[in-house]
Protein chains: 2
Amino acid sequence: MVQFVHPSRDDITLEGVLAALSDPMRLRIVKSMLSQQGCMSCTEAAPCPDMAKSTLSNHFRILREAGLIHTEKKGVEHRNVIRQDDIEARFPGLLKTILGFCDEPRQGKA
Amino acid sequence: MVQFVHPSRDDITLEGVLAALSDPMRLRIVKSMLSQQGCMSCTEAAPCPDMAKSTLSNHFRILREAGLIHTEKKGVEHRNVIRQDDIEARFPGLLKTILGFCDEPRQGKA
DNA sequence: TCGTTAGTTCAAAAATAACGAACTATTGAA
DNA sequence: TTCAATAGTTCGTTATTTTTGAACTAACGA
């Protein structure tokens with residue numbers, strides 16, 4: 001039985017959030033979850049199709065333990081939601097600021 | 001003769017900046033440089049005194065190559081300045097947002 | 001010139017991340 | 001109920017990144 005570890009709002013740290021977002025793949029995951037604004041399964045939010053399941057699972061665990069997403073089991077899949085309110089309460093504007101730049105599709109040289 | 005690699009303003013990438021700032025030590029370095037608002041030698045900006053010189057040097061190289069700091073040789077030491085204008089031009093508000101939260105000394109459980 | 005200081009480079013050790021294989025849990029169909 | 005399929009996790013190994021100490025360079029001062 002899988003137990004998900006979710007930090008409480010106050011246990012969300014800046015370094016944890018930054019570390020979680022410093023990975024291009026995780027940045028994309030969060031970005032797609034933000035634009036979706038609803039639950040997404042791990043596979044739905046996968047940043048690229050050819051990523052190993054275990055790697056993807058690990059990325060979600062890191063995002064989860066950093067407090068960026070909330071995961072709960074729903075049937076055969078896991079529903080992930082971005083913890084936008086908690087992060088906003090903890091670090092107002094941070095997510096919007098970071099992901100806002102991420103929205104520019106490409107910047108100069110690819 | 002040491003040649004420093006500094007990306008031009010437009011070559012500064014979000015992921016590079018986030019990756020550079022995702023390390024607690026580098027975050028502290030940048031933080032102290034921001035509060036100082038002037039040149040700092042590597043040793044002056046060292047986040048902890050017991051860090052190996054090579055590690056410190058490596059952190060500065062990462063910050064430099066991410067475009068966060070500018071380094072130039074001045075006598076026996078290296079003067080590092082934060083490239084605040086370039087980062088602001090590239091990602092307005094990012095640095096202030098991120099480092100602003102970093103200013104809270106400690107948050108809940110240490 | 002010699003010693004000291006500040007920082008870099010290199011190669012090896014330590015820590016992290018990615019992967020494939022095996023596993024668990026749920027669903028749906030026979 | 002049993003069997004196959006699906007969605008993720010966990011584990012152990014490999015690959016990549018970080019940290020470190022040792023040796024080096026460059027600038028300064030006595």
Side-chain angles (χ1 to χ4, degrees), chain A residues 1-6 13 15-30 32-33 36 38-66 68-82, chain B residues 1-6 13 15-30 32-33 36 38-66 68-82:
Chain A
M1 186 50 182
V2 186
Q3 282 304 93
F4 293 123
V5 176
H6 291 105
T13 69
E15 282 166 8
V17 169
L18 291 181
L21 294 183
S22 72
D23 183 282
M25 293 305 158
R26 291 194 290 268
L27 204 56
R28 283 208 238 170
I29 293 174
V30 169
S32 71
M33 296 188 73
Q36 185 81 5
C39 286
M40 292 181 93
S41 71
C42 297
T43 335
E44 276 176 336
C48 54
D50 55 333
M51 175 175 278
K53 283 196 302 177
S54 49
T55 306
L56 188 59
S57 178
N58 187 49
H59 282 313
F60 273 92
R61 186 180 54 76
I62 289 171
L63 289 172
R64 192 158 51 231
E65 295 180 359
L68 280 162
I69 63 172
H70 181 92
T71 307
E72 66 185 44
K73 192 150 196 181
K74 181 72 188 303
V76 78
E77 64 186 17
H78 295 176
R79 318 301 303 275
N80 302 286
V81 225
I82 192 135
Chain B
M1 185 52 183
V2 186
Q3 282 305 94
F4 293 124
V5 176
H6 292 105
T13 69
E15 282 164 8
V17 169
L18 290 181
L21 293 183
S22 71
D23 183 283
M25 293 305 159
R26 290 194 291 266
L27 203 56
R28 283 208 238 169
I29 293 173
V30 169
S32 70
M33 296 188 72
Q36 184 80 5
C39 287
M40 292 181 94
S41 71
C42 298
T43 335
E44 275 175 337
C48 54
D50 55 334
M51 175 175 279
K53 283 195 303 176
S54 48
T55 306
L56 189 59
S57 179
N58 186 48
H59 282 313
F60 272 93
R61 185 180 54 76
I62 289 171
L63 289 172
R64 192 158 50 229
E65 294 180 359
L68 280 162
I69 63 172
H70 181 91
T71 307
E72 65 185 45
K73 192 149 195 182
K74 180 74 187 301
V76 76
E77 63 185 18
H78 294 177
R79 318 302 303 276
N80 301 286
V81 225
I82 193 136

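Letters A, B, ... are given to chains in the order of the sequence lines, protein chains preceding strands, and every chain is numbered from 1.
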With heavy-atom distances below 4.5 Å as the criterion, would you say the side chains of L27(B) and E15(A) are in contact? yes
dC19(C) OP1/OP2 closer than 4.0 Å to side-chain N/O of T55(A): yes
Between Q36(A) (side chain only) and M33(A) (backbone N and O only), is there a donor and an acceptor less than 3.5 Å apart? no
Taken to the nearest 0.5 Å, the spacing of I29(B) CD1 from M40(B) CE works out to 10.0 Å
note: D23(A), atom CG; dA17(C), atom P; distance rounded to Å ~ 9 Å
Sequence-aligned protein contact record of nucleotides 2-7 of chain C, with B where the base is within under 4.0 Å of a protein heavy atom and S where only the sugar-phosphate is: ---BSB
When the distance from NZ of K74(B) to C1' of dA26(D) is rounded to whole Å, what number comes out? 16 Å
Between dT19(D) (P) and M51(B) (CE): distance, integer Å: 7 Å
With a 4.0 Å cutoff (strictly under), does any side-chain N or O of H59(B) reach OP1 or OP2 of dT19(D)? yes
Heavy-atom closest pair (T71(B) atom, R64(B) atom, distance to 0.1 Å) is OG1-NH1, 3.1 Å
Under the 3.5 angstrom rule, does the side chain of R28(A) hit a backbone N or O of P47(A) as a donor-acceptor pair? yes
Rounding to an integer number of Å, can you tell me how far N58(A) CG sits from dG12(D) P? 16 Å
Pick the closest DNA chain C nucleotide for G75(A) and for A52(A) by heavy atoms, then say which residue is nearer the 5' end. A52(A)
Between C48(B) and M25(B) the two heavy atoms that sit nearest each other are SG-SD, 4.1 Å
Please check if the distance between the ring centroids of F4(A) and H78(A) is under 6.0 Å. yes
In whole angstrom, give the distance that lies between atom CZ of R61(A) and atom C1' of dT10(D). 10 Å
Distance, rounded to the nearest Å, where I62(A) contributes CD1 and dT16(C) contributes C1': 9 Å
Taking CD from E65(A) and C1' from dT16(C), how many angstroms apart are they, rounded to a whole number? 14 Å
Roughly, in whole Å, what's the span from CZ in F60(B) to C1' in dT8(C)? 13 Å
